Amino acid sequence: MATLSPTTSEALCAAIAEAASKHARLEIRGGGSKADIGSPWGGAREVDILDMRKFAGIVDYDPPELVLTVGAGTPLAEIETLIAAKGQMLAFEPWDHAPVFGRAPGAATIGGVIAAGVAGPQRLSMGGARDHLLGFEAVSGRGEKFVAGAKVVKNVTGYDLPKLVAGSWGRLVALTQVTLKVLPRPRQQATMIIENQTPQQAHAAMAQAMGSHGEIAAAAYLPAAVNNGRAATLFRVQGFAPSVDARCGFLPRLLKDHGDVLRLPDADAARVWTAIRAVAPLAGSAALWRVNVPPSGGCAVVAALEPLGARWFFDWAGGLVWLTFDGDAALVRAAAEKAGGHAMLVRGPEGLRARVPGQHPRSKGVDALEARVRRAFDPAGVFETTRFGDVHAN
Amino acid sequence: MSLIMPAPDRNVLDRRDEIIAALKVIVPGEGVITETAALRPYESDGLTAYRQPPMVVVLPSTVEQVSAVLKWCFENNVKVVPRGSGTSLSGGALPLEDAVLLGLSKFNRVLDINYADRTAVVQPGVTNLAITTAVEGRGFYYAPDPSSQIACSIGGNVAENSGGVHCLKYGLTTNNVLGVEIVMMDGEVIRLGGRHLDPAGLDLLGIVVGSEGLLGVVTEVTVRILPKPETARAVLLGFPTVESGGQCVADIIAAGIIPAGMEMMDKPAIHAAEAFVKAGYPLEVEALLIVELDGPAAECDYLIEEVAAIARANGAVTLRVSQNDGERLAFWAGRKAAFPAVGRISPDYYCMDGTIPRRRLPDVLKRMAEMSVKHGLAVANVFHAGDGNLHPLILYDANQPGQLERAEAFGNDILRLCVEVGGVLTGEHGVGVEKRDLMPVMFTETDLAHQQRLKCAFDPALLLNPGKVFPQLHRCAELGRMHVHHGKTAFPDIPRF
Ligand SMILES: Cc1cc2nc3c(=O)[nH]c(=O)nc-3n(C[C@H](O)[C@H](O)[C@H](O)COP(=O)(O)OP(=O)(O)OC[C@H]3O[C@@H](n4cnc5c(N)ncnc54)[C@H](O)[C@@H]3O)c2cc1C
């Protein structure tokens with residue numbers, strides 16, 4: 001296992017083309033914060049690491065245009081600091097996975113965040129990584145540099161390849177540069193809390209709030225078991241002060257039948273959302289699953305798995321269930337499917353990850369289509385490291 | 001007409017009767033249209049400069065029928081052009097002489113509404129506005145609002161990734177669609193996405209949206225619905241120069257405000273609109289700006305003052321704040337009628353759709369004025385100012401020899417300019433046939449080949465809506481082999497089709 005660290009697109013093209021001609025495989029890596037997701041390499045062929053961190057730096061940033069172009073290897077933290085200084089944010093709330101695996105944060109790169117489709121609690125109201133990637137420059141598995149999308153916020157010229165590349169886990173292209181939509185950072189945030197609800201009650205309260213004029217930015221539920229014995233249903237509202245105040249006044253009236261709605265002190269609120277975003281309530285080494293379902297499906301998932309020992313919490317108003325479960329993985333997948341969604345194995349011991357695919361298996365038709373799409377970008381399977389399922393023969 | 005489409009397949013044209021007979025078996029009754037007169041309404045979409053009667057129109061009403069039609073066409077090497085309501089402004093639904101036109105108008109039912117999950121499942125022929133109509137009784141709406149929303153279908157919106165005046169804040173179609181069912185050219189039916197967020201694997205939904213009918217026929221759409229904002233207020237602003245109007249837009253965004261809508265009109269557009277609807281627009285200003293804020297009343301009241309202050313600081317000579325919904329709608333009346341207003345002062349107009357970085361607006365308008373002189377045709381501009389999406393309307397008269405060609409040449413110059421200043425060919429109307437031949441202005445051969453190989457993954461025989469979006473039809477085998485060394489060696493010039 002060698003590590004390649006090209007510094008120019010030309011060198012990157014050459015490295016990928018050479019790997020393709022030798023039938024070698026490349027694991028594209030940024031900060032490595034998510035390296036423990038997916039199957040440990042079990043492929044017959046050698047896997048080399050393609051380190052993208054040399055493609056770093058701010059290329060263009062014009063705050064009023066709401067557009068930021070950076071090298072894909074730029075650390076997420078550096079970008080956040082830069083745009084926060086201009087009162088802006090990445091609205092999909094990307095985060096660093098390192099602590100999930102007990103490692104120190106700080107290494108995550110924007111390229112890795114995009115390739116893994118990482119988003120935080122605000123995904124609920126503001127969209128995910130896919131919705132904020134406007135354009136990119138990359139080298140495909142053919143060893144060819146190309147661009148897609150654009151550097152303006154509104155564009156429908158050609159296929160929307162940025163959507164495809166966001167969440168593609170390094171299986172289509174090596175991203176060298178990304179153009180992101182940035183948005184104004186809210187002037188004020190407030191979090192309202194209802195305590196001691198059951199999951200069903202929390203779901204009902206969240207559904208009502210989401211369908212109201214409360215303009216909820218994020219909604220989560222921490223059951224007592226992961227929140228020091230006190231269940232918490234949390235609603236984040238944000239924006240300009242008069243609006244935030246009005247909505248904080250409105251929510252207790254709206255939700256009066258659900259219980260007392262109180263305002264959480266700001267410091268506590270900041271702490272709890274940071275924890276939720278980074279899945280801190282489920283820290284440890286137990287197998288960690290990320291279950292995406294329609295919000296109304298969350299309760300059924302936990303009802304099936306909690307009696308068997310699962311610990312969990314809801315984000316995205318119930319549409320994202322984080323859960324730790326050391327029982328049969330097939331039960332998690334079955335519960336997710338039954339609720340109309342899917343489950344990803346995010347953390348687990350090597351043995352488990354070798355046996356259980358990281359991504360939820362797709363229907364036969366979608367699986368075949370995905371394979372054809374991957375081959376369109378990567379005909380030699382350079383980026384197929386066996387990390388996510390089978391390798392196409394070549 | 002300067003447009004070159006793929007040469008019709010003689011063999012297919014000769015088999016027309018056989019093809020019609022086969023379609024009638026799959027779609028019995030009225031669903032197959034063959035008479036010359038009855039085909040005429042389908043001969044163009046919203047880009048009426050291009051016309052071509054289809055070989056035959058088929059209007060299936062079930063997914064099984066769509067699948068069987070596509071499978072039969074696939075097995076018999078017959079091309080298919082999907083069509084929703086036919087309002088495309090880029091010729092995406094332009095028929096081909098040797099293709100079956102597959103209309104989705106019978107897929108007009110709302111299938112399911114789930115208020116707890118805030119989703120609606122609809123058939124593709126449901127109009128954009130009908131989704132809102134179906135959910136507004138409960139205080140919800142579907143956010144993307146193309147001006148054509150009373151007519152255009154959600155299937156067409158998905159295909160074009162359509163936007164509207166509110167997409168700065170609420171996103172384009174792609175940001176509001178959660179799932180689709182599509183039928184691929186070989187008849188296979190697959191579902192992408194669902195009622196949850198984010199896919200298990202590749203985001204194939206993300207590329208189907210905006211694929212202009214080239215990847216699959218959309219037979220069901222799941223959209224996100226939102227609670228209707230509590231209030232909306234607008235401010236009408238007039239500026240003595242385009243620069244000051246543009247600076248006002250930049251300052252509003254720099255102040256952290258993302259308005260629900262922010263529309264600009266230049267002087268010719270203001271005059272045309274005012275003459276048509278008497279909205280009370282100031283006629284002496286160079287740029288008119290409508291800024292709409294929506295949300296909680298407390299927020300609108302606060303932000304309207306902020307916006308007014310920013311406008312004053314930028315030298316606004318007109319500043320009117322809507323005091324009620326009637327006034328707000330009156331501000332919009334002129335903007336909403338801008339297209340027909342221009343249609344009144346000119347026999348024909350040609351609507352462009354480029355996007356530019358907003359900071360380049362004054363420069364772009366200046367150069368557009370120069371082009372207007374060069375081509376001898378007037379132009380009026382309406383502009384989604386918040387996101388830099390320009391809609392120049394080129395005024396011409398198709399009955400005057402040469403004017404259409406000049407209008408097209410002018411339009412192409414504008415789009416080249418958009419790309420030159422860092423923008424794109426189309427912000428919401430799609431490439432279709434209209435901007436197809438300009439794609440190389442924005443993308444290299446290598447860029448385009450990476451897009452076209454995606455088409456091969458869905459439709460390797462290139463039978464679904466060929467001749468749209470891409471200037472050259474490369475066979476998939478050829479694309480597979482094509483190799484560009486160090487991104488330089490472009491493959492030799494292959495003639496258009
Ligand atoms: C007056 C006017 C105003 C407009 N304003 C706007 C605007 O504000 N914003 C905007 O974005 N657009 C606007 N448009 C453009 C147009 O309305 C949109 O592009 C719309 O989405 C097209 O929908 P349609 O149903 O008419 O599709 P069609 O015109 O029938 O088809 C458009 C494309 O979609 C494909 N297609 C249609 N249905 C399907 C399906 N079910 N499956 C697969 N492919 C399909 C067709 O093959 C074609 O390529 C406007 C048009 C007009 C005439």
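In what follows, chains carry the letters A, B, and so on, assigned in the order in which the sequence lines appear, proteins first and then strands, with residues in each chain numbered from 1. Every value quoted in this text rests on a predicted model; they were computed, and no experiment measured them.
Taking chain B as the reference chain and counting heavy-atom pairs below 4.5 Å, the highest number among A/K151, A/Q88, A/M344, A/R123 is found for A/R123. If you tally non-hydrogen atom pairs under 4.5 Å between each of A/E215, A/H360, A/Q208 and chain B, the highest count goes to A/E215. Put simply, of A/A119, A/G167, A/G87, A/S212, the one with the most heavy-atom pairs under 4.5 Å next to chain B is A/S212. Chain B forms the most heavy-atom pairs under 4.5 Å with one residue out of A/G158, A/G341, A/G297, and that residue is A/G158. Options B/C456, B/G163, B/A200, B/G206 differ in how many heavy-atom pairs under 4.5 Å they form with chain A, and the most are formed by B/A200. Comparing A/R362, A/H213, A/R372 by how many heavy-atom pairs each has under 4.5 Å with chain B, the most go to A/H213. Heavy-atom pairs under 4.5 Å with chain A peak, among B/L172, B/T444, B/L303, at B/L303. Comparing A/P295, A/A339, A/G365, A/A246 by how many heavy-atom pairs each has under 4.5 Å with chain B, the most go to A/P295. Comparing B/G430, B/A298, B/G422, B/P296 by heavy-atom pairs within less than 4.5 Å of chain A, the highest count is held by B/P296.
Put simply, the side chain of B/T355 does not reach to within 4.5 Å of the side chain of A/N155, judged on heavy atoms. Between B/T446 and A/K145 the shortest side-chain heavy-atom distance does not fall below 4.5 Å. Two residues are said to be in side-chain contact when any heavy atoms from C-beta on lie closer than 4.5 Å; A/L320 and B/L197 fail this criterion. Side-chain contact between B/H450 and A/F377 is present, with heavy atoms from C-beta onward closer than 4.5 Å. No side-chain heavy atom of A/S363 sits less than 4.5 Å from a side-chain heavy atom of B/I190.
The distance from the CD atom of B/E230 to the CZ atom of A/R247 is 10.0 Å, given to the nearest 0.5 Å. Expressed to the nearest 0.5 Å, how far NZ of A/K154 lies from CG of B/L390 amounts to 10.5 Å. Here the straight-line distance linking atom CD of B/E428 with atom OG1 of A/T157 works out to 11.5 Å at 0.5 Å rounding.
Heavy atoms of A/R185 lying under 4.5 Å from chain B are absent altogether. Residue B/R191 touches chain A through its backbone alone, counting heavy-atom pairs closer than 4.5 Å. Heavy atoms closer than 4.5 Å to chain B are found in the backbone of A/V293, but not in its side chain. Proximity to chain A (any heavy atom under 4.5 Å) is restricted, for B/L192, to the side chain, taken from C-beta onward. At a 4.5 Å heavy-atom cutoff, B/Y115 makes no contact with chain A through either its backbone or its side chain. Of the atoms belonging to A/W169, not a single heavy atom falls under 4.5 Å from chain B. Of the two parts of A/S168, the backbone and the side chain both hold a non-hydrogen atom closer than 4.5 Å to a non-hydrogen atom of chain B. For A/M210, the parts sitting under 4.5 Å from any heavy atom of chain B are the backbone and the side chain alike.
Counting heavy atoms of neighbouring residues, nucleotides and ligands inside a 6.0 Å radius, atom NZ of A/K86 does not exceed 12 of them.
Pairing each heavy atom of B/L454 with each of A/A376, the nearest pair is N-CB, 4.4 Å. Residue B/G256 comes nearest to A/P184 through the heavy atom pair CA-CB, 3.3 Å, listed as atom of the first residue, atom of the second, then distance. The two residues A/E370 and B/L204 have their closest heavy-atom pair at CG-CD1, 3.8 Å. Annotation for B/A457 and A/L369: closest pair O-CD1, 3.5 Å, computed over non-hydrogen atoms. Taking all atoms of both residues into account, the shortest heavy-atom contact from A/V147 to B/D447 is N-OD1, 2.8 Å. Taking both residues in full, the closest heavy atoms of B/P227 and A/G211 are given as CB-O, 3.5 Å, listed atom of the first, atom of the second, then distance.
At least one donor-acceptor pair closer than 3.5 Å links the side chain of A/R142 to the backbone N or O of B/G480. With A/D131 contributing its side chain and B/N175 its backbone, the two residues share no donor-acceptor pair below 3.5 Å. The closest donor-acceptor contact from the side chain of B/D117 to the backbone of A/S296 lies under 3.5 Å. Checking side-chain atoms of A/E65 against main-chain N and O of B/R358 turns up a donor-acceptor pair under 3.5 Å. Between the side chain of B/H196 and the main chain of A/G340, a donor-acceptor pair closer than 3.5 Å is present.
Ion pair B/D203/A/K163 not flagged as a salt bridge, since none of the NZ, NE, NH1 or NH2 atoms sits closer than 4.0 Å to an Asp/Glu carboxylate oxygen. Ionic pairing of B/D198 and A/R130 is not present here: no N-O contact between side-chain nitrogen and carboxylate oxygen is shorter than 4.0 angstrom.
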Take A/D160 and B/V209, measure what side-chain contact (heavy atoms from CB on, under 4.5 Å) needs, and give me the verdict at the end.
CA-CA 8 Å; A/D160 197 351; B/V209 180; over 6 Å; no
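A/Y159 and B/F458 have their aromatic ring centers separated by at least 6.0 angstrom.
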